[in-house]
Amino acid sequence: MAKIVHKGMWIDIKSLNPDDKKNFLTSLVFGFIASILWGMHLSHIGFLGNEPITDSWISETGLLFIRILMIVFFLIGAYFYKKFYSAQDDFYKSYHNFTFAGGAYGFLVFGSILTVLAPYFNYQPTFYEFFLAFAAGTGFGGYYFYKKYIAE
C-alpha cells in the first residue's frame, strides 16, 4: 500500500508492490507528456492574461493533433491511475478524497476571491486560473490530511 510522505504532497514509490508501481508510474508518465502538450496548447490560446502566440512553427493541423494527443494521454494516465487507486487501502483512499475535497474548496474559495477582485483589475479569469485555484486547494488538502492523521 502507498505510504504518504513529504507532508502529504507525495507517496513513497518504494512502498508500492510491482503492479501498483507500474500503474502509478505509467499514469505519471502519460500525465507528464499530456502536460507538455497542454503547455503547447496554452501558449497558443493565451494564459493568465498573456497574449496568445500568433507566429508559431506549429500549423493549425499540428495544433489539432497536439490537442487530440493531449486528451488521449490524459485519459490513458487517468485509466492507469484508476487501476492504481482501486488496489489501494482505505487509508490511501481517504487521503485521495481529502486532497480532492481540498481542491474543490480551493476552487470555491480562491475562485470566488478571483471573480470578486477581477473587475477591479480589469481582468477576466478563464478556466486555467480556476484550475490553478483547484490545484492550490489539493495541496492544502493533502497537507491537512498529513497534519491530522500522519504527523501526530
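Owing to the predicted nature of the structure, the values given are computational and were not obtained by experimental measurement.
Counting non-hydrogen atoms of neighbouring residues, nucleotides and ligands closer than 6.0 angstrom, the NZ atom of K3 reaches no more than 12 such neighbours. Other residues, nucleotides and ligands contribute at most 12 non-hydrogen atoms within 6.0 Å of the CG atom of D90. Applying the 6.0 Å contact sphere to CG of D89 captures more than 12 heavy atoms from other residues, nucleotides or ligands.
V116 and L132 fall into different hydrophobic clusters, where Ile, Leu, Val, Met, Phe, Trp and Tyr residues are linked whenever their side-chain heavy atoms come under 4.5 Å apart, directly or through other members. In the hydrophobic clustering of this structure, I11 groups with I150; members are Ile, Leu, Val, Met, Phe, Trp, Tyr whose side-chain heavy atoms approach within less than 4.5 Å, directly or through other members. Linking Ile, Leu, Val, Met, Phe, Trp and Tyr residues whenever their side-chain heavy atoms come within less than 4.5 Å places Y146 and W10 in a single cluster. By the rule that hydrophobic residues join a cluster once side-chain heavy atoms approach within less than 4.5 Å of another member, M40 and F131 end up as members of one cluster.
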Under 3.5 Å, which donor-acceptor pairs link side chains of residues 65-88 to any protein atom two or more places apart or in another chain?
unit_1 : atom_1 : unit_2 : atom_2 : d
R67    : NE     : H41    : ND1    : 2.9
Y81    : OH     : Y92    : OH     : 2.7
K82    : NZ     : S86    : OG     : 3.3
S86    : OG     : K82    : O      : 2.9
Q88    : OE1    : A2     : N      : 2.9
Q88    : NE2    : D20    : OD2    : 3.0
Q88    : NE2    : F84    : O      : 3.3

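Partners of L25 under the side-chain contact (heavy atoms from CB on, under 4.5 Å) rule, at least two apart in sequence or in another chain, are I13, K21, L28. Shown here are the side-chain contact (heavy atoms from CB on, under 4.5 Å) partners of L117, two or more places apart in sequence or in another chain: I113, F121. Under the ring pair (Phe, Tyr, Trp, His ring centres under 6.0 Å) criterion, Y144 pairs with F98, not counting sequence neighbours. For F130, the side-chain contact (heavy atoms from CB on, under 4.5 Å) partners are F107, L114, T115, P125, not counting sequence neighbours. The side-chain contact (heavy atoms from CB on, under 4.5 Å) test applied to K22 returns T26, not counting sequence neighbours.
Considering every non-hydrogen atom in both G137 and F110, the closest pair reads N-CE1, 4.4 Å. Residues M9 and G142 approach most closely at CE-C, 4.0 Å, considering heavy atoms.
Between T138 and Y105, the closest side-chain pair of non-hydrogen atoms is not below 4.5 Å.
Below 30°, between 30° and 60°, or above 60°: for F134 and F100 the angle between ring planes is between 30° and 60°, a tilted geometry.
Two rings, from Y128 and W38, have their centers less than 6.0 Å apart.
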For this session: Assess whether side chain to side chain contact (heavy atoms under 4.5 Å, CB included) is satisfied between F145 and T99, documenting all intermediate values.
Result: CA-CA 8 Å; F145 183 86; T99 58; 5.9 Å; no
For this session: Show your working on side chain to side chain contact (heavy atoms under 4.5 Å, CB included) between I4 and F91 and close with a plain yes or no.
Result: CA-CA 10 Å; I4 300 159; F91 187 71; 3.9 Å; yes
